[in-house]
Amino acid sequence: MCPMIHRPSLHISDYDYPLPESKIAQYPAQRRQNAQLLVSANSTLADTKFSQIAHYLPPNALLVRNNTRVIHARLQFAKPTGAAIQVFCLEPQLPVSDIPQAMQQQATCVWKCLIGNAKKWKSGTLQLPVEINSVSCILSATLLGQQDETFSIRFHWQPEQFCFAQIIESAGNVPLPPYIHRPAEHHDSQRYQTVFADHDGSVAAPTAGLHFTRSLFRQLTAKNIKTANITLHVGAGTFKPVAANNIQHHQMHPEQVIIDKKLLQALLAAPSAVIAVGTTSVRALESLYWLGIKYLKTGQMPNTVAQWEPYQTPVAATDAKIVLQALLQFLLANKEPQLRFSTQVIILPGYRFRIINGMVTNFHQPKSTLLLLISAFLGPQWKTIYEHALQTNYRFLSYGDACLFLP
């Protein structure tokens, strides 16, 4: 066993770069696969279109994509006085905290939320008319309490036969990121969603996946590049800036992960590189390794992977295939279809990747945990890549262009 590794210490100011507002994409590319693609492989850079990604992926690669679906998490209420109150749904609290179950609740539920213009809403119930399949409904929101910057809100609605997924889809708006300085428009409902989105629960899109089309996946299949799905429901914490200069003092927000037998089998069968589509897929896959390490150590399947676990867990260099096989055997022996857990894992420079061999991703904000993850994979070369992108008119952040990073 190797000695315990202590919590890493680094200064977030070392992961800054100048990002002009003009470089932040306010709208997506006209067609998904027409975004630019910057490829970094074998220490060389290539500029191309995303539609050409199949030419750069390793033969027989396995693409792992996050099939979470973005919910219409922004709800716009109005007080009788006319004051606008925006409610941003973050995560369910009651009667269940499990996102898939919470989306199927009928009649009432409680969510942790952010509130815009909170000073105007101290108590009472707000109402919002909703129409679902030509049926008129009323969605009510009651403020229950506050903890730090978040609020507990009880939602209830009439008629009661609709589930919360139907209510929020009809009543809410697309939760565009805070750096997109415009209201959500009709096209955002389709473009801020991947074509493979399947499971309701995210309040932000896994944006690397936005560039793929069904026709592009057919091209990849023809080249024997396989795909597999993972589910990580992206929380608003993905936009949370690192306020502390030393990363030791930054708290990661937990996010729910769902992994089924098919993914474990695909990973075990992968003859070549495992390429994660997006940083959410990277975190979910790497968290899977540490979930398996805990299981092998204790004999009990854990339900969380803590933020600093990879850096504080004494562990031999256990092969990823051994870990994945153990997790698959657990599912088979217990006749369970899925692994469900939450992860707070933070991936920092110095981290050794256990599952992935490459990633597709967008360009990320300065001084963000996502940029730290990129730096962990690329090393100091991230600065050269980002400088090149800035000088050659790549578009940045959620609706921007893409990168393919290979060793």
Side-chain angles (χ1 to χ4, degrees), residues 24-28 68-79 81-93 99-100 102-103 105 108-121 124-132 137-144 146-157 162-194 197 199-207 210 232-241 253 255-256 280 365 397-399:
I24 301 174
Q26 298 298 303
Y27 288 89
T68 188
R69 189 173 183 276
V70 181
I71 62 174
H72 287 190
R74 292 188 190 274
L75 297 163
Q76 192 71 45
F77 290 86
K79 294 188 67 177
T81 60
I85 307 293
Q86 186 182 92
V87 176
F88 191 124
C89 297
L90 296 177
E91 60 188 51
Q93 292 181 310
I99 291 176
M103 297 302 291
Q105 292 299 309
T108 186
C109 58
V110 177
W111 278 62
K112 179 190 290 187
C113 303
L114 297 173
I115 298 179
N117 208 13
K119 63 180 181 294
K120 296 285 188 178
W121 186 27
T125 296
L126 304 178
Q127 292 189 329
L128 180 64
V130 187
E131 188 171 291
I132 304 175
C137 310
I138 295 294
L139 172 64
S140 301
T142 304
L143 190 61
L144 300 181
Q146 179 179 1
Q147 183 176 6
D148 299 324
E149 297 177 350
T150 64
F151 300 79
S152 292
I153 295 179
R154 180 180 299 281
F155 297 106
H156 50 284
W157 54 93
F162 295 109
C163 66
F164 190 62
Q166 293 171 295
I167 291 291
I168 200 170
E169 182 75 12
S170 298
N173 296 308
V174 178
L176 293 179
Y179 45 72
I180 293 182
H181 303 304
R182 61 175 177 81
E185 299 173 12
H186 178 72
H187 69 90
D188 290 308
S189 293
Q190 185 250 340
R191 290 304 304 272
Y192 196 62
Q193 198 81 266
T194 66
H199 300 291
D200 286 337
S202 281
V203 299
T207 54
L210 296 179
L232 182 145
H233 292 306
V234 189
T238 192
F239 301 121
K240 183 180 179 183
H253 186 80
E255 294 171 309
Q256 293 186 20
T280 60
Q365 289 179 286
L397 309 186
S398 294
Y399 268 156

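Remark: Lys120 engages Ala83, Ile85, Asn117 in a side-chain contact (heavy atoms from CB on, under 4.5 Å) (not counting sequence neighbours). Residues passing the side chain to side chain donor-acceptor pair (under 3.5 Å) test with Thr207, sequence neighbours excluded: none. Scored by the ring-ring contact (aromatic ring centres under 6.0 Å, His included) test, His187 finds Tyr27 as partners (sequence neighbours excluded). Partners of Ala141 according to the side-chain contact (heavy atoms from CB on, under 4.5 Å) rule, which considers only residues two or more places apart in sequence or in another chain, are Phe77, Trp121, Ile153, Phe155. Evaluation of the side chain to side chain donor-acceptor pair (under 3.5 Å) rule for Asp200 yields Arg69 as partners, not counting sequence neighbours. When the side-chain contact (heavy atoms from CB on, under 4.5 Å) test is applied to Ala184, the partners found at least two apart in sequence or on another chain are Val174, Leu176, Asp188. Qualifying salt bridge (charged side-chain N to carboxylate O under 4.0 Å, His left out) partners for Arg74, counting only residues two or more places apart in sequence or in other chains: none. Applying the side chain to side chain donor-acceptor pair (under 3.5 Å) criterion to Thr125, with sequence neighbours excluded, gives Thr142. Considering only residues two or more places apart in sequence or on other chains, Ala118 meets the side-chain contact (heavy atoms from CB on, under 4.5 Å) condition with Ile115, Phe151. In this view, Gln105 satisfies the side chain to side chain donor-acceptor pair (under 3.5 Å) rule with no residue, not counting sequence neighbours.
Of all the heavy atoms in Gln76 and Gln86, the pair that sits closest is OE1-NE2, 3.4 Å. Of all non-hydrogen atoms in Leu75 and Cys89, the two that sit nearest each other are CD1-SG, 3.9 Å. Residue Pro175 comes nearest to His72 through the heavy atom pair CD-CA, 4.4 Å, listed as atom of the first residue, atom of the second, then distance. When all heavy atoms are compared, the tightest approach of Phe164 to Cys109 is CD1-SG, 3.7 Å. Closest approach of Pro129 and Ile138 over heavy atoms only: CA-CD1, 4.0 Å. Nearest heavy atoms, Leu126 versus Ala78: CD2-O, 4.4 Å.
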Could you walk me through whether Ile180 and Tyr399 pass side chain to side chain contact (heavy atoms under 4.5 Å, CB included), step by step?
CA-CA 9 Å; Ile180 293 182; Tyr399 268 156; 3.6 Å; yes
Walk me through it: do Val70 and Val203 pass the test side chain to side chain contact (heavy atoms under 4.5 Å, CB included)?
CA-CA 6 Å; Val70 181; Val203 299; over 6 Å; no
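Judged by distance alone, with hydrogens and angles left aside, the side-chain atoms of Ser202 form a donor-acceptor pair with the main-chain N or O of Val234 at under 3.5 Å. The main-chain N or O of Pro28 is never found under 3.5 Å from a side-chain atom of Arg191 such that the two would form a donor-acceptor pair. In this structure, the side chain of Glu169 does not engage the main chain of Gln166 through any donor-acceptor pair within 3.5 Å. For the pair Glu255 (side chain) and Gly235 (backbone), a donor-acceptor distance under 3.5 Å is present. Without hydrogens or angle criteria, Gln256 side chain to Ile99 main chain gives a donor-acceptor distance under 3.5 Å.
Between atom NE2 of residue His199 and atom CD1 of residue Ile71 there is a gap of 15.0 Å, rounded to the nearest 0.5 Å. Rounding to the nearest 0.5 Å gives a distance of 14.0 Å between CD of Gln127 and NZ of Lys79. Taking CD of Gln93 as the start and NZ of Lys112 as the end, the distance is 6.0 Å to the nearest 0.5 Å. For the atom pair Thr108 OG1 and Arg154 CZ, the distance stands at 4.5 Å (nearest 0.5 Å). A distance of 5.0 Å separates CD1 in Ile24 from CG in Leu397, rounded to the nearest 0.5 Å. To the nearest 0.5 Å, the span separating CH2 on Trp157 from CD1 on Ile168 amounts to 9.5 Å.
With hydrogens and angles left out, the side-chain atoms of Tyr179 and Ser398 include a donor and acceptor closer than 3.5 Å.
No more than 12 heavy-atom neighbours from other residues, nucleotides or ligands sit within 6.0 angstrom of CD on Gln147. Counting non-hydrogen atoms of other residues, nucleotides and ligands closer than 6.0 Å to NE2 of His181 gives a total above 12.
By the 4.5 Å heavy-atom criterion applied to side chains, Pro92 and Trp111 are counted as neighbours.
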